[in-house]
Amino acid sequence: MIKLGEKQTLTVIKKVEFGVYLADGSNAEEKVLLPIKQVPAGTDLGSEIEVFIYKDSSDRLIATTHEPKIMLGDVRVLRVKETSKIGAFMDWGLEKDVLLPFKEQTRKVHAGEDVLCALYIDKSSRLAVTMNVYPYLKTNSPYAKDDKVIGTVYEMSDNFGAFVAVDDIFSGLIPKKELYGDIRIGDSINARITSVKEDGRLNLSLREKAYLQMDTDADKLMEMIEKAGGSLPFTDKASPELIREKTNMSKNEFKRAVGRLLKNGKIEITEKSINKK
């Protein structure tokens, strides 16, 4: 059986002027053309060739010896070649670009940018890519709690947080309470694994453990105070919402940072402000 979107080893069953026809074993009823410019030297009837199967501009199956950047079910970063009325055409290393349909875009994409995609077969039996990569991500990562990882944000949820493809392969989530700063779809982030769920999915944090993060937060807070002219117009008794808005810290993280600066004698606290000494 000839498999669309996959690499497989097929046998030469017929030679023609414009290439060779390949089939799976002795099943000559289902065959696919390998164009002459890609036929390896010395190829003869019965030769076996490893090829990738896709469709040409006339929607016919065609073989190639070129290595695609993505195969069926894979999740990879591809570059947008151009956009059109039906979607975006992505560079996947073959002569004919692969389509990212509008309905499979989680945000508008632009020519020249890199986008995380998964390759699938659409309802018309054509290969296409989608930015909805969640079903294609793996859950058998080699990582454990407190490991440091790199990933790509592929979806933002008001309810859950930021969905991340760790190594662009494994399924991860930065819970809403762990989100800091301006995180957007497509961003590459460095994170710490806070837990590995029973199903293998990874919970992530953008911050270090509390005792390690404390010094970083204290330095950041001191810098904020200095930039504000030596005083912040709120204290650790402010609302969690205000603290997060102004500092990108949770209230507990802010209080730990304030405590560190107090201990080091760098600040003093009044009823309504935090001041540099």
Side-chain angles (χ1 to χ4, degrees), residues 75-77 103-109 113-118 130-221 223-224 232-260 274:
V75 178
R76 297 288 186 272
V77 173
K103 67 177 182 178
E104 298 296 334
Q105 296 178 20
T106 56
R107 62 172 176 82
K108 188 176 182 180
V109 301
E113 73 171 302
D114 294 329
V115 177
L116 189 69
C117 303
T130 177
M131 293 171 68
N132 295 299
V133 301
Y134 180 82
Y136 304 94
L137 293 174
K138 298 178 181 179
T139 56
N140 59 341
S141 83
Y143 297 118
K145 187 176 183 294
D146 292 328
D147 284 349
K148 305 292 178 58
V149 295
I150 299 174
T152 302
V153 177
Y154 66 87
E155 184 178 345
M156 298 294 297
S157 166
D158 290 337
N159 293 325
F160 298 105
F163 289 91
V164 178
V166 173
D167 296 340
D168 296 341
I169 298 174
F170 305 110
S171 182
L173 171 70
I174 304 172
K176 185 176 180 179
K177 66 179 182 179
E178 293 288 343
L179 280 179
Y180 299 90
D182 185 20
I183 303 297
R184 300 182 181 184
I185 292 174
D187 285 353
S188 179
I189 55 97
N190 292 281
R192 175 176 60 89
I193 295 176
T194 58
S195 66
V196 180
K197 295 183 179 180
E198 289 185 4
D199 63 5
R201 290 179 170 82
L202 307 172
N203 274 338
L204 309 172
S205 174
L206 296 174
R207 300 170 71 80
E208 281 283 8
K209 286 184 173 181
Y211 73 92
L212 295 173
Q213 187 68 39
M214 191 187 307
D215 286 337
T216 300
D217 289 343
D219 290 343
K220 176 183 174 183
L221 182 56
E223 185 179 344
M224 289 179 62
L232 286 184
F234 58 91
T235 70
D236 56 358
K237 293 182 180 179
S239 70
E241 293 76 18
L242 175 66
I243 290 172
R244 183 177 289 273
E245 178 189 346
K246 299 297 184 181
T247 69
N248 270 328
M249 300 180 200
S250 69
K251 185 161 184 172
N252 285 338
E253 290 162 346
F254 182 71
K255 291 178 74 171
R256 284 194 290 265
V258 169
R260 176 55 59 91
I274 298 174

Quiz item: Can you list the steps and then say if Lys197 with Leu202 is a side-chain contact (heavy atoms from CB on, under 4.5 Å)?
Solution: CA-CA 6 Å; Lys197 295 183 179 180; Leu202 307 172; over 6 Å; no

Practice problem: Would you check, one step at a time, whether the test side-chain contact (heavy atoms from CB on, under 4.5 Å) holds for Leu206 with Ile189? | Solution: CA-CA 8 Å; Leu206 296 174; Ile189 55 97; 4.2 Å; yes

Quiz item: Between Lys176 and Asn159, does a side-chain contact (heavy atoms from CB on, under 4.5 Å) hold up when you go through it step by step?
Solution: CA-CA 7 Å; Lys176 185 176 180 179; Asn159 293 325; 5.9 Å; no

Exercise. Kindly determine whether Leu173 and Leu204 satisfy side-chain contact (heavy atoms from CB on, under 4.5 Å), including the steps that lead there.
Key: CA-CA 6 Å; Leu173 171 70; Leu204 309 172; over 6 Å; no

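Shortest non-hydrogen contact noted between Phe234 and Thr247 is CZ-CG2, 4.1 Å. Scanning all heavy atoms of the two residues, the minimum distance from Asn203 to Pro175 falls at OD1-CG, 4.4 Å. Scanning all heavy atoms of the two residues, the minimum distance from Ala144 to Asp147 falls at N-OD2, 2.8 Å. Of all non-hydrogen atoms in Arg107 and Glu113, the two that sit nearest each other are NH2-OE1, 2.9 Å. When all heavy atoms of Ser171 and Thr139 are compared, the pair lying nearest together is CB-CG2, 4.5 Å. Nearest heavy-atom pair across Val196 and Tyr143 is CG2-O, 3.9 Å.
Glu104 is linked by a side-chain hydrogen bond (donor to acceptor under 3.5 Å, both in side chains) to Thr130, Asn132, counting only residues two or more places apart in sequence or in another chain. The side-chain hydrogen bond (donor to acceptor under 3.5 Å, both in side chains) test applied to Thr152 returns Asp168, not counting sequence neighbours.
The ring of Tyr136 has its center no closer than 6.0 angstrom to the ring center of Tyr154.
When side chains are defined from C-beta on, Leu232 counts as touching Leu221, because their heavy atoms get closer than 4.5 Å. Side-chain contact between Asn140 and Phe170 is present, with at least one heavy-atom pair separated by less than 4.5 Å. Within the 4.5 Å cutoff, the side chain of Leu116 has no heavy atoms near those of the Met131 side chain. Side-chain contact check for Pro240 versus Ile243: every heavy-atom pair is 4.5 Å or farther apart.
To the nearest 0.5 Å, atoms CD1 (Ile193) and NZ (Lys145) are separated by 10.5 Å. Atom CD1 of Ile174 sits about 8.0 Å away from atom CE of Met156, to the nearest 0.5 Å. For the atom pair Lys148 NZ and Asn190 CG, the distance stands at 9.5 Å (nearest 0.5 Å). With rounding to the nearest 0.5 Å, the separation of CD in Glu245 from OG in Ser239 is 8.5 Å.
Shown here is Lys220, whose NZ atom has more than 12 heavy atoms of other residues, nucleotides or ligands within 6.0 Å.
Using a 4.0 Å cut-off between charged side-chain N and carboxylate O, Asp146 and Arg192 make a salt bridge. A salt bridge links Asp199 with Arg201: at least one charged nitrogen is closer than 4.0 Å to a carboxylate oxygen.
Counted by atom type alone, Glu178 and Ser205 present one or more donor-acceptor pairs between their side chains at under 3.5 Å.
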